[in-house]
Protein chains: 2
Amino acid sequence: MHSAPLKVGDLARQTGLSVRTLHYYEEIGLLSPSHRTASGHRMYSAGDVARLQQIKSLRELGFSLEQITACLDKPGFSPLQTIELHLSRLREQIALEQRLCARLEGLAHVLRAGEDVSVEQLLQTIEVMTMIEKYYTPEQLAELKQRAEAIGPEKMREAESAWKTIYDDMRAEMQNGSDPKSEPVQQIVKRMRVLIDAFTGKNPEIERSLNRMRQQEPAMRDQHGMDPELHEFIGKAMR
Amino acid sequence: MHSAPLKVGDLARQTGLSVRTLHYYEEIGLLSPSHRTASGHRMYSAGDVARLQQIKSLRELGFSLEQITACLDKPGFSPLQTIELHLSRLREQIALEQRLCARLEGLAHVLRAGEDVSVEQLLQTIEVMTMIEKYYTPEQLAELKQRAEAIGPEKMREAESAWKTIYDDMRAEMQNGSDPKSEPVQQIVKRMRVLIDAFTGKNPEIERSLNRMRQQEPAMRDQHGMDPELHEFIGKAMR
DNA sequence: CTTGATCCTCACGCTACGTGAGGACCTAGC
DNA sequence: GCTAGGTCCTCACGTAGCGTGAGGATCAAG
């Protein structure tokens, strides 16, 4: 009536584990076969198989072999507490990975937009992203992301090139020796206003964050071929 | 103008890494200090520091040290593809962990309901849960879960005890020798119907799954003190 | 009796470092 | 010049959960 004891290979096939795994489980005292033949071959009884099933169940729940050993061998063991601890850690890890996922998605998005995906481009994008995350609150970032999706990628590229022409025009005015308060310069400032409002959504908090970042991060300016004099000139023009 | 080279301890403090980590990065050829003193002390230049910053950025994105080495040292390297691969694996892992989380939550929920949280209780609950997951499709499980939440835990416990009295009453009828088709037995069947409908939500798919499980899993019956004769009797009564 | 499958133990490999051990070097104060 | 405390060096073992051989014994079938 009782099933015959199994050899390692048979048990391995039956459970889908490897022979090495069963050896290891014995090595750490988690599952020892209840019998050995005279020649030293392991013989697993039905009870051993049942225990292995339990081990597999607990493994699928993500417990470590050490925890499983404690759970199965210590008599007064509280599983609920262990599970809750395990759960809290798992939830934390998921939250962490989701944040990471969001960052990677953003990164992939940016890289897909530009065609050159060199390592330098990657590293600079990362740098910009971490910098951005430093200056904006998570809520602001969510708002920015939402607005970016509403606007669409073509409009984003248009804005990108609009900034370039604005900088070119500004530089031309500066090299002409124009007064920052003069009419043609103020016209360019109006074009900047439109773009900035499109970016910030006229949210004053976001505009403050943007200004803080522009002031404190010299690396940001280099991106668009911005030099200190031009920066100074634009600063005057915007007042 | 250029910053002085740093010793390991200084670099470690500056980056928040450990000295051992920096030693290790050199060991695997990821970051070697560009100079050593005559006595063998490592001296990290500003360029080394910059490279370390890049390494840190890529590490925060979850890349392995081997991937980072490849990324930084091979000239023709496509980051986008790597990131997308990384992303897909990460998303898969998150999905896996979320399923695991749901299972652990269900487990914790069941364990909190009953007061005895012994290891046997835990293992039996796991067994029942995996069995349930085998017979119902994920959509059906979601439906069941939703209904369970709508009903609330007290009603669940009421249903639990209602089942017990139904089994008791049925057993009494059986031991009285009643005909399964007789009026009092059919009254009990009606009470069963109500409970089953409450569980299945009158969804015929779910009822089919339930019947399949009841037929194929003898272990399920033992839970409520069900024996083969009683099972047989109830089967006749329900036709 | 041979042959191929299976079994045994031993032992190194993997990741990304932590944690000493034992000894050389550096800087400050005396 | 000497000492003391801090910092540096290399070497080497430990982690979790096995994978992957090496080299040899045992088993079941023909």
Side-chain angles (χ1 to χ4, degrees), chain A residues 4-45 48 52 54-72 82 86 89-90 93 96 100, chain B residues 4-45 48 51-52 54-72 86 89-90 93 96 100:
Chain A
L6 292 165
K7 302 209 289 181
V8 262
D10 298 332
L11 183 56
R13 263 186 296 279
Q14 202 183 81
T15 59
L17 300 174
S18 71
V19 172
R20 173 67 178 125
T21 298
L22 295 171
H23 283 181
Y24 182 65
Y25 285 179
E26 185 179 2
E27 197 177 318
I28 62 171
L30 178 54
L31 176 69
S32 300
S34 45
H35 182 59
R36 289 247 192 172
T37 68
S39 57
H41 289 197
R42 293 166 177 81
M43 301 305 279
Y44 292 88
S45 73
D48 298 335
L52 184 55
Q54 297 176 344
I55 292 169
K56 274 189 67 182
S57 294
L58 292 170
R59 275 252 75 186
E60 277 167 24
L61 292 178
F63 289 100
S64 72
L65 298 183
E66 195 179 348
Q67 285 175 316
I68 295 173
T69 310
C71 179
L72 293 178
T82 310
H86 193 56
R89 276 193 306 226
L90 186 60
Q93 193 183 336
L96 232 158
L100 177 56
Chain B
L6 293 166
K7 302 209 287 183
V8 262
D10 298 331
L11 183 55
R13 263 186 297 279
Q14 199 183 85
T15 59
L17 300 174
S18 71
V19 172
R20 174 66 177 124
T21 297
L22 295 171
H23 283 180
Y24 181 65
Y25 285 178
E26 183 178 4
E27 196 178 317
I28 62 171
L30 178 54
L31 176 71
S32 300
S34 46
H35 181 59
R36 289 246 194 173
T37 67
S39 57
H41 289 198
R42 292 165 177 82
M43 301 305 279
Y44 292 88
S45 73
D48 298 335
R51 186 179 167 98
L52 184 56
Q54 297 176 344
I55 292 168
K56 273 189 67 181
S57 295
L58 292 170
R59 275 251 72 189
E60 276 167 27
L61 292 179
F63 290 101
S64 71
L65 298 183
E66 194 179 349
Q67 285 175 316
I68 295 173
T69 310
C71 181
L72 292 178
H86 192 56
R89 276 193 305 225
L90 186 60
Q93 193 183 336
L96 233 157
L100 178 57

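Residue numbers begin at 1 in each chain, while the letters A, B, ... track the order of the sequences.
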Please tabulate the protein-to-nucleotide N/O contacts below 3.5 Å involving nucleotides 12-15 of chain D, giving atom names and distances.
none

Using a cut-off of strictly less than 4.0 Å, decide whether Y24(B) has a side-chain nitrogen or oxygen near OP1 or OP2 of dG18(C). no
Rounded to whole Å, please give me the gap between CD in E26(A) and P in dC8(C). 8 Å
Which heavy atom of E26(B) sits nearest to which heavy atom of S32(B), and what is that distance? CG-OG, 3.8 Å
Under 3.5 Å donor-acceptor, H35(B) side chain and P5(B) backbone: no
Heavy atoms under 4.0 Å, any strand shown: does V19(B) hit a base, just sugar-phosphate, or nothing? nothing
Do any side-chain nitrogens or oxygens of Y25(A) fall under 4.0 Å of OP1 or OP2 in dC18(D)? yes
Kindly state which residues belonging to residues 28-44 of chain B come within less than 4.0 angstrom of DNA chain C, counting heavy atoms of the residue only, listed by number. S39(B)
Which residues pass the ring-ring contact (aromatic ring centres under 6.0 Å, His included) test with Y25(B), sequence neighbours left out? none
Which heavy atom of H86(A) sits nearest a heavy atom of L61(A), and at what distance? NE2-O, 3.0 Å
Do the side chains of H23(A) and V8(A) get nearer than 4.5 Å, heavy atoms only? yes
Donor-acceptor pair, distance only, cut-off 3.5 Å: does the side chain of R51(B) make one with the backbone of L30(B)? yes
Out of curiosity, R20(A) CZ to S18(A) OG, how far, rounded to the nearest 0.5 Å? 8.0 Å
Phosphate OP1/OP2 of dT15(C) contacted by S64(B) side-chain N/O (<4.0 Å): no
Measure from the side-chain heavy atoms of E66(A) and tell me the nearest of dC9(D), dA16(D), dC17(C). dA16(D)
Nearest-0.5 Å distance that lies between atom OG1 in T69(A) and atom CG in L31(A): 10.0 Å
Decide side chain to side chain contact (heavy atoms under 4.5 Å, CB included) for T82(A) and C71(A); before the verdict, give the C-alpha distance in whole Å, the side-chain angles of both, and the deciding distance to 0.1 Å. CA-CA 9 Å; T82(A) 310; C71(A) 179; over 6 Å; no
Mind checking the CD-CG spacing from Q93(B) to L100(B)? Nearest 0.5 Å is all I need. 11.0 Å
Sorted by number, the residues of residues 9-18 of chain A with heavy-atom contact under 4.0 Å to DNA chain C: G9(A)
OP1 or OP2 of dC9(D) sitting under 4.0 Å from any side-chain N/O of H23(B)? yes
With sequence neighbours excluded, tell me which residues meet side chain to side chain contact (heavy atoms under 4.5 Å, CB included) with T15(B). L11(B), L17(B), L52(B), Q53(B), K56(B)
So R59(B) and L65(B), side chain to side chain contact (heavy atoms under 4.5 Å, CB included) or not? Walk me through it. CA-CA 7 Å; R59(B) 275 251 72 189; L65(B) 298 183; 3.6 Å; yes
Do R42(B) and R36(B) pass the side chain to side chain contact (heavy atoms under 4.5 Å, CB included) test, and can you show the C-alpha distance, the side-chain angles, and the key distance before you say yes or no? CA-CA 5 Å; R42(B) 292 165 177 82; R36(B) 289 246 194 173; 3.4 Å; yes
Closest-nucleotide ordering on DNA chain C, the 5'-leading residue of K7(B) and R59(B): R59(B)
To the closest 0.5 Å, what do you measure between NZ (K7(B)) and CZ (R13(B))? 9.5 Å
Could you give the CG-to-P distance, from L22(B) to dA16(C), as a whole number of Å? 15 Å
Let me know the distance between CD of E27(A) and P of dT9(C), rounded to the nearest Å. 10 Å
Enter the inter-axis angle for the ends of the helix from dC1(C)-dG30(D) to dC30(C)-dG1(D) (five pairs per end, rounded to 10°). 30°
